[in-house]
Amino acid sequence: MDSENYNFYDRIFDVVRLIPHGRVTSYGAIASFLGAKRSSRMVGWAMNLSHSVEPFVPAHRVVNRNGLLTGKAHFKDINEMQQLLEAEGIVVIDDQIQNFMDVFWDPASL
DNA sequence: TGAATGACTCGAT
DNA sequence: GATCGAGCCATTC
């Protein structure tokens, strides 16, 4: 548990918080932005910890590169993730984000 | 200590 | 074009 690892998760949370309202991004995009595109799974692991992290981390804005709500099952309510996305103007049908390319936000785009 | 798992991604068939 | 398998990194049992 080196402090470097802590920074890695902290950066993930920071990037997720930087996601604009009504936008979403992918695990790979975050991992790639942090220089560890191969560690996309670690991003998902970090999201699992995000429930205990403050300030609140909009993990619902993080989906796989396919625009599929793969992480909804980890939310308190599986419908909560979709509901939060729809509340931001994102259309979600059958756990699939519609117009994913349109709402996709790349952290490197800053 | 070794092996298995996971909110993923890419490449090959 | 769709489906299957292997790879990667960190955490957990």
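The structure presented is a predicted model; accordingly, all values stated were derived computationally and were not measured. Heavy atoms only: backbone and side chains are in, while hydrogens, waters and symmetry mates are out.
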For [X], ring pair (Phe, Tyr, Trp, His ring centres under 6.0 Å) partners two or more places apart:
| X | answer |
| --- | --- |
| A:F13 | none |
| A:H74 | none |
| A:F100 | A:F104 |

Quick tally for nucleotides 3-9 of chain C: nucleotides whose base has a protein heavy atom under 4.0 Å get B, sugar-phosphate-only ones S, the rest -, giving ----BBB
Sorted by number, the residues of [range] with heavy-atom contact under 4.0 Å to DNA chain B:
| range | answer |
| --- | --- |
| residues 56-82 of chain A | A:A59, A:N64, A:R65, A:T70, A:G71, A:H74, A:F75 |
| residues 89-100 of chain A | none |
| residues 21-31 of chain A | A:S26, A:Y27, A:G28 |

Taken to the nearest whole Å, CZ/A:F8 to C1'/C:dT11 is 13 Å
Nearest-Å distance, CH2 (A:W45) to C1' (C:dC13)?
12 Å
Show which side-chain atoms of residues 49-56 of chain A pair as donor or acceptor with protein atoms under 3.5 Å away, not counting sequence neighbours.
{"unit_1": "A:S50", "atom_1": "OG", "unit_2": "A:M47", "atom_2": "O", "d": "2.3"}

When the P atoms of B:dA4 and C:dA6 are considered, how many whole Å apart are they?
15 Å
Could you note down all residue pairs passing side chain to side chain donor-acceptor pair (under 3.5 Å) where residues 99-110 of chain A supplies at least one of them, sequence neighbours left out?
none
With the criterion being N/O to N/O and under 3.5 Å, what pairs connect the protein with nucleotides 11-13 of chain B, and how long is each?
none

Checking A:D95 now: which residues fulfil salt bridge (Lys or Arg N to Asp or Glu O under 4.0 Å) with it, not counting sequence neighbours?
A:K72
With sequence neighbours left out, what residues match A:R61 under salt bridge (Lys or Arg N to Asp or Glu O under 4.0 Å)?
A:E88
Inspect the surroundings of CD in A:E80 and state if more than 12 heavy atoms from other residues, nucleotides or ligands are less than 6.0 Å away.
yes
